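Below you'll find the structure, written out as structure tokens, and then a few comments.
In this chain, residues are counted from 1 in sequence order. All values reported here derive from a predicted model rather than from experimental measurement.
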Amino acid sequence: MEKNIFAQLAAGPFPKTVTHGATIQYVKKFLARGWLDAVVDSSAKGRYNAGQHTVAVIRGVTDAGRAALDK
């Protein structure tokens, strides 16, 4: 399941904004592994969508992320 989620996040176009809380947790996990080039902003309330405190903006996939997809 995790690989499917990563494949969906790694599909372009970029930049991609993620606002769903559970998906943001996966973005954080993949960012920690070095698979994504992303920024997680916890102070974004109102800037991207009303009521949402955290957003992640995925700028791209790293070489390590592409290698993980190929496994």
side-chain hydrogen bond (donor to acceptor under 3.5 Å, both in side chains) test vs R66 passes for just one of D70, D63, T62, namely D63
Between G34 and A64, the two heavy atoms sitting closest are O-CB, 3.8 Å
query = Going by heavy atoms in the side chains, are V61 and L36 under 4.5 Å from each other?
reply = yes
**Asked** Between F30 and F6, what is the ring plane arrangement, given parallel below 30°, perpendicular above 60°, and tilted in between?
**Response** perpendicular
Looking only at heavy atoms, the pair that brings L69 and A10 closest together is CD1-CB, 3.8 Å
Heavy-atom nearest pair, A56 first then V27, reads CB-CG1, 3.8 Å
In one Ile/Leu/Val/Met/Phe/Trp/Tyr side-chain cluster, 4.5 Å: F14, W35
yes
Between L9 and K16, the two heavy atoms sitting closest are O-NZ, 3.4 Å
Distance col, row D41:CG vs T17:OG1, nearest 0.5 angstrom, shows 10.5 Å
Tested for side chain to side chain contact (heavy atoms under 4.5 Å, CB included) against I5, the lone hit among E2, K3, M1 is M1
Q. Is there side-chain contact between V18 and I58, with heavy atoms separated by less than 4.5 Å?
A. yes
